[in-house]
Amino acid sequence: MTAKKSFTFKFDKKKDLFGMGKGKKWVLLANAFDPTLLRNYIAFDFAQELGIAYTSNQKIVELWLDGKFRGCYILTEPVQEGKDRVDIDIDGTKDFMLEYERLRTDEGTTYITAGGLRFGISEPDEPGDGQVSYITDTMNRLANIINSGNENEIKANIDIESFTKFYVLNEFIKTNDFNFSSVFFYYKDGRLYAGPPWDYDLTMGNVNKDFSANSAAAFETDGEYINGKLFYGRLCSYDWFMDKVRLEYEHHSRYIRNLYADGGLIDKLADNYSEVFSRNYNEAGWQIRYLINVMMYPLPTYEENLDFLKSWCAGRDKWLSDFYRIDTLPYRLGDCDGNGVVNINDATLVQKHAAMLITFNNEQKSAADINHDGKINIGDATSIQRAAIN
């Protein structure tokens, strides 16, 4: 639907590009539907911040093809099986990966219906009849478990951490395609995981509010959006799941606020790549006001589209922070004793935990990892001390 094409390309042998791990196949995202050229990058960066496993690494690049300058692209890893990609064992009837596809049919892809949902089998690439039956039976069993409401059984078969993080990502940016396509799940070592993330140009308000009721809801900064879609239709009806969502959102609130703050991530990306983005429109010749029927009609200038993106993210954060009642949460980031206040006592608890004098429960561990590195150590205690002083 666009003259500026995205590309998949393949080397004869695996190559490590820019430290992103080895692979034969790579992707160049055109971002043709996003006048800021930033929404995919921001979504993947947020997914990395959340710690969603196997999120594609990325790099903003410029492309020349057949001697012609083609403008700005994002070089990234495709969603596929591999040691440096999605590390699952697809031999025999073990692990697998699916892409939710409500309607689209691609030649060479095997489709199944399980739990009332339609999926394309992404991995293994060419499943045999036995594998198709195994995947279908497994997904039907998992759907029944999710629908059962049995918290212990759900947690034993579904990786709730990945489902929580994936929900926070897509709920914040209001992924317009979430109920249609490009939504991945993988089954690894007997558990179902949500992700990896993919395809986010039609997010963060970049939708035509007059196209459909779904798009109208995605355009607005208020309201829940993902809670009724796919497996989240049931998961979001469970209080214990939504409690985890609220905590996960709060623990990344500083990152979210920095997205749209003056001088924050969006501004820094726009500034660092201003010449690249300018060449995309002025030298490669792509139109900033390019339009398809599902996207928002672009504003006249790059700066106006950038301001809209920042404003939308700010409005979305405001609504979700109020809706989740972030200020009332126990075990907020840094609040290791759960008393609603971040102070020196919390830093002391972290020091004791690091010295193995006490043991934290899961909520305390999540609150203590203030540096978001997956470890609880003296560095976290120091950061909490600074937060308490400020």
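- The side-chain hydrogen bond (donor to acceptor under 3.5 Å, both in side chains) test applied to Glu304 returns Thr301, not counting sequence neighbours.
- Between Glu77 and Asn57, the closest heavy-atom pair is OE1-N, 2.7 Å.
- Taking 4.5 Å as the limit, some side-chain heavy atom of Val350 sits within range of a side-chain heavy atom of Ile384.
- Checked for salt-bridge contact, Asp201 and Arg39 miss the test: no charged N lies under 4.0 Å from a carboxylate O.
- Among all heavy-atom pairs drawn from Asp346 and Gly334, the shortest one is CB-O, 3.2 Å.
- At least one donor-acceptor pair under 3.5 Å links the side chain of Asn170 to the backbone N or O of Phe166.
- The structure places SG of Cys336 at 11.0 Å from CD of Gln351, a figure rounded to the nearest 0.5 Å.
- Remark: the Lys4 side chain and the Asn280 side chain contain an N/O donor-acceptor pair separated by less than 3.5 Å.
- Using a 4.0 Å cut-off between charged nitrogen and carboxylate oxygen, Asp327 and Arg325 do not count as a salt-bridge pair.
- Remark: aromatic rings of Phe172 and Phe46 are close, center separation under 6.0 Å.
- Between Arg141 and Asp137 there is no salt bridge, since no side-chain nitrogen of the basic residue lies less than 4.0 Å from a carboxylate oxygen of the acidic one.
- Residue Asn343 holds its CG atom at 9.0 Å from CG of Leu349, rounded to the nearest 0.5 Å.
- Minimum heavy-atom separation, Tyr249 to Ser321: CE2-OG, 3.8 Å.
- A cation-pi geometry, defined here as NZ or CZ lying under 6.0 Å from the six-membered ring centre and within 45° of its normal, holds between Arg85 and Trp26.
- Annotation for Asp129: atom CG does not count as buried by contact number, only 12 or fewer foreign heavy atoms lying within 6.0 Å.
- One N or O on the side chain of Gln58 and one on the backbone of Tyr41 form a donor-acceptor pair closer than 3.5 Å.
- A distance below 6.0 Å separates the ring centres of Tyr232 and Tyr167.
- The line from OG1 of Thr55 to CH2 of Trp198 is 11.0 Å long, rounded to the nearest 0.5 Å.
- The CD atom of Glu99 sits 9.0 Å away from atom CG of Asp199, with the distance rounded to the nearest 0.5 Å.
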task = Please step through ring-ring contact (aromatic ring centres under 6.0 Å, His included) for the pair Phe185 and Tyr100, ending with a clear verdict.
result = CA-CA 8 Å; Phe185 301 92; Tyr100 176 74; 8.1 Å; no
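- Atom NZ of Lys229 sits about 14.5 Å away from atom CG of Leu235, to the nearest 0.5 Å.
- The minimum heavy-atom distance linking Cys313 with Ile266 is given by the pair SG-CD1, 4.4 Å.
- With hydrogens and angles disregarded, no donor-acceptor distance shorter than 3.5 Å links the side chain of Thr76 to the backbone of Val27.
- Checked for salt-bridge contact, Asp262 and Lys310 meet the test: a charged N lies under 4.0 Å from a carboxylate O.
- Counting heavy-atom neighbours within 6.0 Å of Lys352 NZ, excluding the residue itself, gives a total of 12 or less.
- A pairwise comparison of heavy atoms in Leu306 and Ala270 identifies CD2-CB, 3.6 Å as the closest pair.
- We find that Asp159 and Arg191 are joined by a salt bridge, their nearest charged nitrogen and carboxylate oxygen being less than 4.0 Å apart.
- A salt bridge does not link Lys22 with Asp16: every distance from a Lys NZ or Arg NE/NH1/NH2 to an Asp or Glu carboxylate oxygen is 4.0 Å or more.
- The line from OH of Tyr255 to CG of Leu333 is 15.0 Å long, rounded to the nearest 0.5 Å.
- Closest approach of Pro300 to Ile288, counting heavy atoms only: O-CG2, 3.6 Å.
- Side chain of Asp34 to backbone of Leu38: a donor-acceptor contact under 3.5 angstrom is found.
- A side-chain donor-acceptor contact under 3.5 Å links Asp380 to the backbone of Ile370.
- Between Glu248 and Lys244 no salt bridge is recorded (no basic side-chain N to carboxylate O distance below 4.0 Å).
- In this structure, the ring of Trp286 has its center no less than 6.0 angstrom from the ring center of Tyr281.
- At least one donor-acceptor pair closer than 3.5 Å links the side chain of Asn40 to the backbone N or O of Tyr200.
- Taking a cutoff of 4.0 Å between a charged side-chain nitrogen and a carboxylate oxygen, Arg316 and Glu171 qualify as a salt bridge.
- Relative ring orientation between Phe323 and Trp319 is described as parallel, the plane-to-plane angle staying below 30° on a 0-90° scale split at 30° and 60°.
- Remark: Lys59 is positioned above the aromatic ring of Phe18, its terminal NZ or CZ atom under 6.0 angstrom from the ring centre and at most 45 degrees off the axis.
- For the pair Lys15 and Phe11, the cation-pi criterion (under 6.0 Å, within 45° of the ring axis) is fulfilled.
- Formation of a donor-acceptor pair under 3.5 Å by the Lys165 side chain with backbone atoms of Leu50 is found in this model.
- More than 12 heavy atoms of other residues, nucleotides or ligands shown are found within 6.0 angstrom of CD on Glu49.
- Considering Tyr186, Tyr187, Phe184 as possible partners of Phe96, the one that fulfils the ring-ring contact (aromatic ring centres under 6.0 Å, His included) test is Tyr187.
- Cation-pi geometry between Lys155 and Trp240 is met: the NZ or CZ atom falls under 6.0 Å from the ring centre, inside 45° of the normal.
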